[in-house]
There are 2 protein chains.
Amino acid sequence: MLRSARKQQLKETIYAKAMQLFVEKGFDRVTVDEITSACGVAKGTFYNYFPKKEMVLLYMGESQMERVAGHLEALSRLPVIRQRIETLFAELAKQAAAQPELLRVSMSEMVRSSALLGEEMETIKRFEKAIIPLLNEAKASGQMQRGHSSELAAVMLVGLYFQTLMRFASGYYADEEQMQTSLLAQLQLAWQGIGGEE
Amino acid sequence: MLRSARKQQLKETIYAKAMQLFVEKGFDRVTVDEITSACGVAKGTFYNYFPKKEMVLLYMGESQMERVAGHLEALSRLPVIRQRIETLFAELAKQAAAQPELLRVSMSEMVRSSALLGEEMETIKRFEKAIIPLLNEAKASGQMQRGHSSELAAVMLVGLYFQTLMRFASGYYADEEQMQTSLLAQLQLAWQGIGGEE
DNA sequence: GTCATAAAATGACTGCGGTCATTTTTTTGT
DNA sequence: ACAAAAAAATGACCGCAGTCATTTTATGAC
């Protein structure tokens, strides 16, 4: 029953070829037949590794999110927590924005299939979990109000990030720079708060 | 060339029948053939009114958003602006949450097709525009910091709302009540701000 | 009323995503 | 080394979304 890891790397091959074709021709213009032919396997094989065509994109999203921890490691020297988050988000957004069509389909599919497939939301939850320690650190050093929940703040910040990406994917922003500007401004506003004196 | 408005109400008929079937059987279990047969027209006719099956849902979203102004009118007696927004969002979320599957497909399609079809983002922008006057009013009465942009705050608040709906649609929250609780808490956090002393 | 023109309806057809019973390959037990 | 059992590959097949050339219906000029 020990599955030969060599065979499971066929998944990587399919993934890589599929992504290459998606970038070259656009998601909708690439058929599953095309992907499998390019890999020298039959169509059905694709579905042994990805339950839906769109699942290739979620697989991409996962691996992207797995690098969050690494990014935060690299940013740990920054004393201002808010700046670490700003930089992390800006970096992730930059990567995602490089392929707007894939971003759009990924975002769309993230919503559509997560409830069915169950596990997709885990990606976002992991993202949130990764920044909760940052917020705790911020609280400890007086950079965040003690009274607020780190978990809630994480939900808000991550939500803000995804929401901005969605807008970008949907053509709300004219270009990536506008999105980055808006993202930064929103983060700062979230940090300061909208409210005035009581 | 004056199109008889009577004919265009066929669109309403198709829309109504489609929604009824979607609610009864679920979006994916309803075929376009089924919808058109139930309306006594041929399949192709459907595509004279809606370019894609999913477009029926966006049409629904539009009419929902058109009622925002009415809601705000009814809430204008509340002196605390923040509460008006909280109540508005809670009300809208309640309606949307009543049909989770339709919400999921709508949200998904909102992202996926808006850039192609161009006009969908207008719905969200109109939503934002509707609450900007509220924020200006809040500024005037000292309930919001003068230095902040109403437009930016509107983007953040509306984004927060949609993001929470998306999470709900994706199964992030166990039930509607949890979503409402989280939505409210996030709005309050956004109002107060995450940050501590400088 | 009649004809010309444009709008709307039609349904046979196409293409692709996804399924599944069958076949091929790999693993395990002895 | 061989057979039995498990895992993986296969591709013919199906269902439905979406298209489009053709037909039907409405409009309007005279």
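A note on names: the letters A, B, ... follow the listed sequences, proteins ahead of strands, and every chain is numbered from 1.
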Using whole Å, what does the distance between atom C1' of nucleotide dA21(D) and atom OH of Y47(B) come to? 18 Å
Rounding to a whole Å, what distance do you find between D28(A):CG and dT19(D):P? 12 Å
OP1 or OP2 of dA8(C) less than 4.0 angstrom from a side-chain nitrogen or oxygen of Q8(B), does that happen here? yes
Salt-bridge criterion met for K129(A) and E151(A) (N-O under 4.0 Å): no
Are any side-chain N or O atoms of K139(A) and backbone N or O atoms of H148(A), one a donor and one an acceptor, separated by less than 3.5 Å? yes
Take the protein atom NZ of K11(B) and the nucleotide atom C1' of dA9(C), then report the distance between them rounded to whole Å. 17 Å
Assign each of L10(B) and K53(A) the nucleotide of DNA chain C bearing its closest heavy atom; nearer the 5' end lies the nucleotide of L10(B)
Whole-Å distance, F46(A) CZ to dC16(C) P, equals 15 Å
Quick one: is dA9(D) close enough that its OP1 or OP2 comes under 4.0 Å of any side-chain N or O from Y49(A)? yes
Quick one: I14(A) CD1 to dG17(C) C1', roughly how many Å, whole number? 15 Å
Check for me whether the distance between the ring centres of Y161(B) and F127(B) falls short of 6.0 Å. yes
Between CZ of F27(B) and P of dC16(D) the distance, given in whole Å, is 14 Å
Counting only side-chain N and O atoms of T45(A), is one of them less than 4.0 Å from OP1 or OP2 of dT10(D)? yes
Rounded interatomic separation in angstrom, taking CE from M55(A) and C1' from dT19(C): 16 Å
Using a cut-off of less than 4.0 Å, is there contact between a side-chain N or O of N48(A) and OP1 or OP2 of dA8(D)? no
If you look at every heavy atom in M19(B) and L102(B), which pair is closest and at what distance? CE-CD1, 3.6 Å
If I take atom CD in residue E54(B) and atom C1' in nucleotide dG18(D), what distance separates them, rounded to the nearest angstrom? 11 Å
Tell me whether L92(A) is reachable from V155(A) by hopping between hydrophobic residues (I, L, V, M, F, W, Y) whose side-chain heavy atoms are closer than 4.5 Å. yes
Assess whether one donor atom and one acceptor atom, taken from the side chain of K43(A) and the base of dG17(C), lie less than 3.5 Å apart. yes
Listed nucleotide nearest any side-chain atom of V41(A), set dG18(C), dT10(D), dG18(D): dT10(D)
Considering only dA8(D), dG17(C), dT10(D), which nucleotide approaches the side chain of V32(A) most closely? dG17(C)
